Amino acid sequence: MDSDLAVLIETVNFAAEKHKNQRRKDPDGTPYINHPIGVARILSHEGGITNIQVLQAALLHDTVEDTNTSPAELQAQFGATVAGIVQEVTDDKSLSKQERKRLQVEHAPHCSHEAKLVKLADKLYNLRDLNRCTPVGWTAERVQDYFIWASEVVKGLRGTNPALEEKLDQLFQQRNVHI
């Protein structure tokens, strides 16, 4: 088996194990693992990304934030580069939601190119998901506020991947979010 393929399969398996008991907030309670797999697919299929470490980071991007995975565990399992990208896109859950969102906007322009790619694909996945269905307990206003906030994050990611940025711009235009 091609070594890159084996590495990706190992990464998918690790992420699936870590997220196995989690569900998305949509009405169907979609298995959470669909999200990181979808983010990696956006990068490879729509963004033209072939860098294995970026694809691994996409698959693992929520493990530290949302599971019991530590940065040290990721580094031991997948190396410093992958762990570093994941760390760049990980919110500090000890902070308030409002502060985490503010910091995402503030830090976006200063992320590595690799982390910016993961953030772009993550935002694209989440915005498409919000267009597909409203999460349980969310109002139309909250969805629109998420789009507005996401556009602020994306402003700091500009110049990273024109194909992904164009797809995001289309979503923002559909929602009348000024970019």
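In this text the structure is predicted, and so the values were computed from the model without any measurement.
Note that the CZ atom of Phe78 and the CD atom of Gln53 stand 12.0 Å from one another [nearest 0.5 Å]. Interatomic distance, CD of Gln173 versus NE2 of His178, reported as 11.0 Å (0.5 Å rounding). Residue Glu46 holds its CD atom at 4.5 Å from NZ of Lys167, rounded to the nearest 0.5 Å. We find the CG-NZ distance between Asn161 and Lys116 to be 12.5 Å, quoted to the nearest 0.5 Å. We find the CG-NZ distance between Leu124 and Lys119 to be 14.0 Å, quoted to the nearest 0.5 Å. Distance check, rounded to the nearest 0.5 Å: OG1 of Thr30 to NZ of Lys25 gives 13.5 Å.
Taken together through direct or relayed side-chain contacts under 4.5 Å among Ile, Leu, Val, Met, Phe, Trp and Tyr, Leu74 and Ile85 form parts of separate hydrophobic clusters. Hydrophobic cluster membership is shared by Leu55 and Ile42, with clusters built from Ile, Leu, Val, Met, Phe, Trp and Tyr side chains linked at under 4.5 angstrom. A continuous path of Ile, Leu, Val, Met, Phe, Trp and Tyr side chains, each step under 4.5 Å between heavy atoms, connects Ile37 with Leu43, placing both in one hydrophobic cluster. Residues Val177 and Leu130 share a single hydrophobic cluster, defined by chaining ILVMFWY side chains whose heavy atoms lie under 4.5 Å apart. Under the 4.5 Å side-chain heavy-atom criterion for ILVMFWY residues, a single connected hydrophobic cluster contains both Val105 and Phe147.
One finds a salt bridge joining Asp169 and Arg158 here, because a Lys/Arg side-chain nitrogen approaches an Asp/Glu carboxylate oxygen to under 4.0 Å. A salt bridge links Asp129 with Arg132: the distance from a Lys NZ or Arg NE/NH1/NH2 to an Asp or Glu carboxylate oxygen falls below 4.0 Å. Ion pair Lys93/Asp66 flagged as a salt bridge, since at least one NZ, NE, NH1 or NH2 atom sits closer than 4.0 Å to an Asp/Glu carboxylate oxygen. The pair Lys18-Glu73 meets the salt-bridge criterion, with a side-chain N (NZ, NE, NH1 or NH2) lying under 4.0 Å from an Asp/Glu carboxylate O.
No side-chain heavy atom of Gln87 sits under 4.5 Å from any side-chain heavy atom of Gln75. Proximity of Phe172 to Leu127: side-chain heavy atoms (C-beta onward) are separated by under 4.5 Å at one or more points. Under the 4.5 Å side-chain criterion, counting only non-hydrogen atoms from C-beta, Arg142 is not in contact with Thr134. Here the side chains of Val89 and Glu65 are not in contact, with every heavy-atom distance at 4.5 Å or above. By the 4.5 Å heavy-atom criterion applied to side chains, Asp4 and Leu8 are not counted as neighbours.
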Report the C-alpha separation of Leu103 and Arg100 in whole Å, then their side-chain angles, then the decisive distance to 0.1 Å, and conclude whether the side-chain contact (heavy atoms from CB on, under 4.5 Å) test is met. CA-CA 5 Å; Leu103 288 172; Arg100 292 192 311 263; 5.8 Å; no
side-chain contact (heavy atoms from CB on, under 4.5 Å), that's the test. Do Gln144 and Glu141 meet it? Break it down for me. CA-CA 5 Å; Gln144 187 68 10; Glu141 182 183 15; 5.7 Å; no
Where do Lys101 and Val153 land on the side-chain contact (heavy atoms from CB on, under 4.5 Å) test, with the steps shown first? CA-CA 9 Å; Lys101 290 178 90 167; Val153 175; over 6 Å; no
Derivation and outcome, side-chain contact (heavy atoms from CB on, under 4.5 Å), residues Glu114 and Thr81: CA-CA 10 Å; Glu114 294 80 7; Thr81 301; over 6 Å; no
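For the residue pair Asp92/Ser94, the side-chain donor-acceptor check at 3.5 Å is satisfied. Side chains of Arg41 and Asn34: a donor-acceptor N/O pair is absent below 3.5 angstrom, by distance only.
Closest of all the heavy-atom pairs between His61 and Ala58 is ND1-O, 2.6 Å. Considering all non-hydrogen atoms of both residues, Leu157 and Glu165 come closest at O-OE2, 3.7 Å. When all heavy atoms are compared, the tightest approach of Lys155 to Glu152 is NZ-OE2, 3.0 Å. Contact record, Lys123 with Ala150: CD-CB, 4.0 Å, taken as the closest heavy-atom pair.
Only one option out of Gln104, Gln98, Glu106 pairs with Arg102 in a side chain to side chain donor-acceptor pair (under 3.5 Å); it is Glu106. For the side-chain contact (heavy atoms from CB on, under 4.5 Å) with His19, the lone residue among Ile33, Thr69, Leu60 that qualifies is Ile33.
Relative to the six-membered ring of Tyr32, Arg23 misses at least one condition, a distance below 6.0 Å or an angle of at most 45° to the axis.
The aromatic rings of Tyr146 and Trp138 sit tilted relative to each other, their planes meeting at an angle between 30° and 60°.
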